Amino acid sequence: MTIETTETTTADAAAGRPLLDVRDLTVTYASGAAAVRGVDLSVAAGQKLGVAGESGCGKSTLALALLRLLPAGTKVTGEVLLDGEDVLTMKWGRVRAVRWAGASVVFQGAMHSLNAVHRIGDQIAEPILLHKKATPAGAKKKARELLEHVGLPGARADAYPHELSGGQRQRVMIAMALACDPRLIIADEPTTALDVMIQAQILRLIEQLVAEQDLGLIMISHDLAVLSDTCDRLAVMYAGRVVEEGPAQEVYERARHPYGKALSAAFPRIGDLSSRFAPRGLPGDPPDPSALPSGCTFHPRCPEAIDACTTDDQTLRVAGPVHRAACVHVGVPEPSAPGVEGAP
Ligand SMILES: Nc1ncnc2c1ncn2[C@@H]1O[C@H](COP(=O)(O)OP(=O)(O)O)[C@@H](O)[C@H]1O
Ligand code: SF4
Ligand SMILES: [Mg+2]
């Protein structure tokens, strides 16, 4: 399979810029829902960033905004620099090219994303024909190679989506995402609909492809345990904001934001029987983005809230050398978090 990443990767490294650099991204739906608010994040080639948060925290909106896939009437501000080029201000022709060859998305629920009446090989070949200007025979050959690359026999190219299992269909989605040799993969809950064994296989496949091809990866999930296992860094979103970010294992094991702590405690840990039998939950739901609470938006659910939290909003504060959290309690040494550097 042709991988055409080396030149640009070298140029990026020389320029010292990340593959993806998102600055102050804000998304407001036509309904007035402020689903993403002032998000900054970056991903380097070969880096895996996990984005965590409960349902409704703005993860998918963020993913869709990166490739301008949001519905008409949605207001998007900020910058989405892919290889230094702002996706938000590109001409539409360029955006279409970037959606395949720059960055591509793997969505949850492959059955809904695949066309039921077309053979999967033809569906994978379509973007190759369009964006790589391949011949029909060349595109067909590459579609088979891609299927083999994601662990399916090339002959399955002739199958229709309903003839494959859920895990096989998700592999097809990954093959399709790789069709035009993108540099960044955005995987939005790619394994949520799959059983645990298949989930593990798909996660290992994504990890392997990212490593082999030096891709950047944004992996979105509500499951902090899966993300900490797969990713290098983690960003935790709440009410459209990144409220905590840092090295994946550190955020999972020693979260500093009360929401990060609750999310982490909600998943049982291997070897910890007490958490398996009594996983701790967090009462309530994330707020409606059309009617956000005052102050820190987490205060109505926060077990550590103080009076000031109802009026004072928090931005990210230093929680360690490469760990930040948006909480009034962060910025002083925290005895319950051994190993995390005390912040100034
Ligand atoms: N097309 C839309 N119009 C208005 N509000 C939307 C739309 N899509 C999502 N939302 C709202 O934006 C918020 C974030 O949604 P979403 O990005 O799907 O969150 P997540 O992926 O974290 O579950 C939710 O409150 C959701 O109801
Ligand atoms: S700022 Fe206050 S409400 Fe927000 S997370 Fe920290 S303690 Fe809780
Ligand atoms: Mg979602």
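These values consider heavy atoms only, across backbone and side chains, with no hydrogens, waters or symmetry-generated copies. Remember, it's 1-based here, ligands and their atoms both numbered in the order they're listed. In this text, all values refer to a predicted model and were calculated from it rather than measured experimentally.
- Listing protein N, O or S atoms at distances below 2.8 Å from atom 8 (Fe) of ligand 2, with waters left out, gives C302 SG.
- One finds a salt bridge joining E145 and K141 here, because a Lys/Arg side-chain nitrogen approaches an Asp/Glu carboxylate oxygen to under 4.0 Å.
- Ligand 1 is surrounded by Y29, S31, A35, E54, S55, G56, C57, G58, K59, S60, T61, P71, P289, each with at least one heavy atom closer than 4.0 Å.
- Considering CD1 of I206 and OG1 of T230, their distance stands at 8.0 Å, rounded to 0.5 Å.
- Separating the NZ atom in K75 from the OG1 atom in T26 is a distance of 8.5 Å, to the nearest 0.5 Å.
- Put simply, the residue from E245, E244, R233 that forms a side-chain hydrogen bond (donor to acceptor under 3.5 Å, both in side chains) with H323 is E244.
- If you check the side chains of H149 and E212, you find a donor sitting under 3.5 Å from an acceptor.
- The existence of a salt bridge linking D158 and K140 is excluded, since no basic side-chain nitrogen approaches an acidic carboxylate oxygen closer than 4.0 Å.
- With salt bridges taken as basic N to acidic carboxylate O contacts below 4.0 Å, none links D86 and R23.
- Among protein atoms, those of element N, O or S found less than 2.8 Å away from the Mg ion (ligand 3) are S60 OG.
- Ring-plane geometry between H257 and Y259 is classed as perpendicular, the angle between the planes exceeding 60 degrees on a 0 to 90 degree scale with a lower cut at 30.
- Here the shortest heavy-atom pairing between K59 and E54 reads NZ-O, 3.0 Å.
- Of all atoms in ligand 2, listed by their number and element, those nearer than 4.0 Å to a heavy atom of Q314 are 1 (S).
- The backbone N or O of Q249 lies less than 3.5 Å from no partner atom in the side chain of S228, so there is not a single donor-acceptor pair.
- Within the 4.5 Å cutoff, no side-chain heavy atoms of E79 are placed close to those of D21.
- Side-chain contact between R94 and E85 is present, with at least one heavy-atom pair separated by less than 4.5 Å.
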Kindly list each side-chain donor-acceptor pair under 3.5 angstrom involving residues 33-46, sequence neighbours excluded, with atom names and distances?
from	atom 1	to	atom 2	distance (Å)
R37	NE	A239	O	2.9
R37	NH2	A239	O	3.0
D40	OD1	D24	N	2.7

